[in-house]
Visitor: 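Pasting a structure here, questions to come.
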Amino acid sequence: MVFKKLSLGKLARFIKGLKWKFLPILRWNNLKINRILRPINGSEIGEMQIEISNLELVTNDYRNFINSPILQKYNQLDYCRSKPLEYLTTMTLLELQDGDRILDAAGGEDAEYIKAIKAVCDRKFMAYCQDSLLDGKSADGIIYIGGSIDAIPLPDESLDGISCHHSFEHFRDDLDIKFIKEAVRLLKVGRKLVIAPLFITNEYAEIWNSKPIYQYDPDTAITIFDTTATFAGWGPYEGFARTYSPSALQARIINNLPSNCQVKIYKVLVDGTPVPDIKKNYHQPLLNAEMKALVIIKQ
């Protein structure tokens with residue numbers, strides 16, 4: 001009986017995985033959120049009175065980056081894929097130095113980001129990858145840390161840089177606020193947390209693609225239930241994503257920062273053009289256009 005239950009569970013996960021694999025191929029993904037949400041423009045961001053800059057990359061930067069063995073799967077594409085763009089963005093903004101200790105928060109079991117930057121960066125650094133699925137092993141020069149994103153088992157001011165890729169939007173309830181505070185605790189003075197991408201949209205939204213649906217911030221956020229929303233994630237972290245309006249980002253994140261922090265937003269450009277190209281990165285929703293990164297500097 002136990003074997004049968006396990007088999008049925010694996011079959012259900014396999015079938016669900018096929019759904020999320022084929023929806024983007026068929027262009028049936030994110031249908032509802034594409035009708036409701038859009039990325040805000042520069043003037044709307046400016047209402048928050050946060051420093052906004054462009055991160056200027058060129059195609060050669062991207063091509064050299066994905067030429068590493070870890071990212072060669074993207075080499076056959078004739079456009080800039082969103083995932084390596086996120087990696088290149090955080091690596092560039094962190095400005096790594098020899099001897100740095102860095103952490104990739106919610107980095108996944110494969111630690112793809114850490115492996116990718118180790119392959120291309122000429123700096124020598126110590127790297128940690130944190131994810132709730134991990135167990136504390138050490139391999140390939142990477143220390144894998146488990147536990148919760150708001151209680152990372154490292155000492156105060158022990159890190160020179162923290163990155164977070166396409167995970168911040170999945171932090172449920174108030175884990176987004178708690179993670180920011182935890183990152184500030186871990187950072188040395190003068191060093192950075194970089195979150196990429198940062199989703200700032202025309203609505204503050206809590207997005208679900210599977211039930212049950214909770215309202216973590218019912219007074220100010222709209223709730224969107226979209227069974228085609230690959231954006232909300234699947235697998236171990238299935239079901240939820242959050243996008244911020246300017247006022248929600250100000251209220252939840254900026255206003256909760258300690259006074260010794262500076263905040264910047266970077267708009268990512270390649271050859272002067274906003275990225276990613278959603279027509280080619282069709283696995284992403286329209287709100288993922290015009291990639292932005294949030295940088296928090298501990299002072």
Visitor: From the options Arg185, Arg191, Lys298, Lys188, select the one residue that forms a side chain to side chain donor-acceptor pair (under 3.5 Å) with Glu157.
Guide: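 Filter result, single survivor: Lys298.
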Visitor: Using the rule that two of Ile, Leu, Val, Met, Phe, Trp, Tyr join whenever any of their side-chain heavy atoms come within less than 4.5 Å, decide whether Phe65 and Leu96 are in one cluster.
Guide: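 Cluster IDs for Phe65 and Leu96 match.
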Visitor: Identify the heavy atoms of Ser82 and Asn288 that sit nearest to each other, and give their distance.
Guide: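 The answer is CB-ND2, 4.3 Å.
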Visitor: When you check the gap from the basic side-chain N to the acidic O, do Lys192 and Glu95 get nearer than 4.0 Å?
Guide: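 Salt bridge between Lys192 and Glu95, a charged N being under 4.0 Å from a carboxylate O: yes.
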Visitor: With respect to His283, which candidate in Arg27, Lys21, Arg81 satisfies the side chain to side chain donor-acceptor pair (under 3.5 Å) definition?
Guide: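 Option passing the side chain to side chain donor-acceptor pair (under 3.5 Å) with His283: Arg81.
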Visitor: Does the Gln130 side chain pair with the main chain of Ile145, one donor and one acceptor, at a distance under 3.5 Å?
Guide: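 Absent.
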Visitor: Please tell me if the side chains of Leu186 and Val184 come closer than 4.5 Å, counting only heavy atoms from C-beta onward.
Guide: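 Of all side-chain heavy-atom pairs linking Val184 with Leu186, none is under 4.5 Å.
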Visitor: Are Met91 and Arg123 side-chain neighbours, meaning at least one heavy-atom pair lies under 4.5 Å?
Guide: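 In short, these two side chains do not touch, never coming nearer than 4.5 Å.
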Visitor: Does the side chain of Asp173 come under 3.5 Å of the side chain of Tyr214 through a donor N or O and an acceptor N or O?
Guide: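 The criterion, which ignores hydrogens and geometry beyond distance, is not satisfied for Tyr214 and Asp173.
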Visitor: Shortest non-hydrogen contact from Thr227 to Leu23?
Guide: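 Thr227 and Leu23 have their closest heavy atoms at O-CD1, 4.4 Å.
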Visitor: Keeping Arg101 on the side-chain end and Ser158 on the backbone end, is there a donor-acceptor pair under 3.5 Å?
Guide: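 Yes, Arg101 side chain to Ser158 backbone: donor-acceptor pair under 3.5 Å.
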Visitor: Identify whether Leu55 and Ile52 are in the same connected component of the hydrophobic contact network (ILVMFWY, side-chain heavy atoms under 4.5 Å).
Guide: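 No, separate clusters.
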Visitor: Under 3.5 Å, side chain of Thr92 to main-chain N/O of Leu88, donor-acceptor pair present?
Guide: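 Confirmed, Thr92 side chain pairs with Leu88 backbone.
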Visitor: With a 6.0 Å cut-off on the ring centroids, do Trp208 and Phe225 count as close?
Guide: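 Ring centres of Phe225 and Trp208 not closer than 6.0 Å.
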Visitor: Only one of Phe199, Tyr113, Tyr87 forms a ring-ring contact (aromatic ring centres under 6.0 Å, His included) with His166, so which one is it?
Guide: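 Per the ring-ring contact (aromatic ring centres under 6.0 Å, His included) rule, the option paired with His166 is Phe199, out of Phe199, Tyr113, Tyr87.
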Visitor: Check the pair Arg252 / Asp217 against salt bridge (charged side-chain N to carboxylate O under 4.0 Å, His left out), numbers first and verdict last.
Guide: CA-CA 10 Å; Arg252 287 187 70 89; Asp217 206 347; 3.2 Å; yes
Visitor: Going only through I, L, V, M, F, W and Y residues with side-chain contacts under 4.5 Å, is there a path from Leu154 to Ile149?
Guide: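 Looking at the clustering, Ile149 is in the same group as Leu154.
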Visitor: So, do Phe231 and Leu287 sit near enough that their side-chain heavy atoms are less than 4.5 Å apart?
Guide: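 Side-chain contact under 4.5 Å: yes.
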Visitor: Kindly check if the number of other-residue, nucleotide or ligand heavy atoms within 6.0 Å of CD (Gln76) is above 12?
Guide: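 Open: at most 12 neighbouring heavy atoms sit under 6.0 Å from CD of Gln76.
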Visitor: How about Ser163 and Thr90: does a side-chain donor come under 3.5 Å of a side-chain acceptor?
Guide: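 Their side chains do not contain a donor-acceptor pair, so the 3.5 Å distance test is not met.
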Visitor: Indicate yes or no: at least one non-hydrogen side-chain atom of Asp277 is less than 4.5 angstrom from one of Cys80.
Guide: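 In short, these two side chains do not touch, never coming nearer than 4.5 Å.
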Visitor: Give a yes or no on whether a salt bridge exists between Glu86 and Lys83, defined as a side-chain N under 4.0 angstrom from a carboxylate O.
Guide: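 Yes.
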Visitor: Keeping the roles fixed (side chain from Lys181, backbone from Leu257), state whether a donor-acceptor pair exists under 3.5 Å.
Guide: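 Not confirmed, Lys181 side chain does not pair with Leu257 backbone.
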Visitor: Is it true that Tyr128 and Tyr144 have ring centroids separated by less than 6.0 Å?
Guide: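 For Tyr128 and Tyr144, the ring centres are not under 6.0 Å apart.
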Visitor: Taking side chain to side chain contact (heavy atoms under 4.5 Å, CB included) as the criterion, tell me which of Leu94, Ile195, Val194, Leu103 meets it with Ile162.
Guide: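 The residue from Leu94, Ile195, Val194, Leu103 that satisfies side chain to side chain contact (heavy atoms under 4.5 Å, CB included) with Ile162 turns out to be Leu103.
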Visitor: Kindly indicate whether a cation-pi arrangement holds for Lys178 with Phe171, taking the cut-offs as under 6.0 Å to the six-membered ring centre and within 45° of the axis.
Guide: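 No, Lys178 does not lie over the aromatic ring of Phe171.
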Visitor: Whether Lys280 engages the ring of Tyr79 as a cation-pi pair (distance to the six-membered ring centre under 6.0 angstrom, angle to the ring normal within 45°) should be assessed.
Guide: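 Judged by the rule (NZ or CZ under 6.0 Å from the ring centre, within 45° of its axis), Lys280 is not positioned above Tyr79.
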Visitor: Measure the shortest side-chain to side-chain distance between Pro246 and Ile200 over non-hydrogen atoms and say whether it is less than 4.5 angstrom.
Guide: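 The answer is yes, as the side chains (C-beta and beyond) meet within the 4.5 Å cut-off.
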Visitor: Just so I know, are the side chains of Asn209 and Thr228 near enough to count as touching, which here means a heavy-atom distance under 4.5 Å?
Guide: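 No. Closest side-chain heavy atoms not under 4.5 Å.
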Visitor: For the side chain to side chain contact (heavy atoms under 4.5 Å, CB included) test, which of Leu85, Leu77, Asn75 pairs with Ile66?
Guide: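 Of all the options given, the one that passes is Asn75.
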Visitor: Provide the closest heavy-atom pair for Asn34 versus Leu286 in the form atom of the first, atom of the second, distance.
Guide: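 Residues Asn34 and Leu286, closest heavy atoms: OD1-N, 2.8 Å.
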Visitor: Does Asn30 use its side chain to pair, donor to acceptor, with the backbone of Ile33 at less than 3.5 Å?
Guide: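 No; judged by distance alone, with no hydrogens or angles, the pair does not exist.
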Visitor: Testing the basics here: between Ile40 and Asn202, what is the closest heavy-atom pair and its distance to 0.1 Å?
Guide: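 Closest approach of Ile40 to Asn202: CG2-N, 3.5 Å.
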Visitor: Set out, in order, the CA-CA distance, both residues' side-chain angles and the distance that settles side chain to side chain contact (heavy atoms under 4.5 Å, CB included) for Asp150 and Phe179, then state yes or no.
Guide: CA-CA 5 Å; Asp150 63 333; Phe179 166 64; 5.6 Å; no
Visitor: Side chains of Ile207 and Phe240: closer than 4.5 Å at any heavy-atom pair?
Guide: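 The answer is no; the side chains never approach within 4.5 Å.
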Visitor: Do Ile114 and Tyr74 land in one hydrophobic cluster if side-chain heavy atoms of ILVMFWY residues count as linked below 4.5 Å?
Guide: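 Ile114 clusters together with Tyr74.
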Visitor: Side-chain heavy atoms nearer than 4.5 Å, only ILVMFWY residues, links allowed to pass through others: does that put Ile50 and Ile180 together?
Guide: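 Per the 4.5 Å side-chain linkage, Ile50 and Ile180 are co-clustered.
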Visitor: Restricting to non-hydrogen atoms, name the atom on Gly233 and the atom on His170 that form the minimum distance, rounded to 0.1 Å.
Guide: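 Smallest heavy-atom distance, with atoms named: N-CE1, 3.9 Å.
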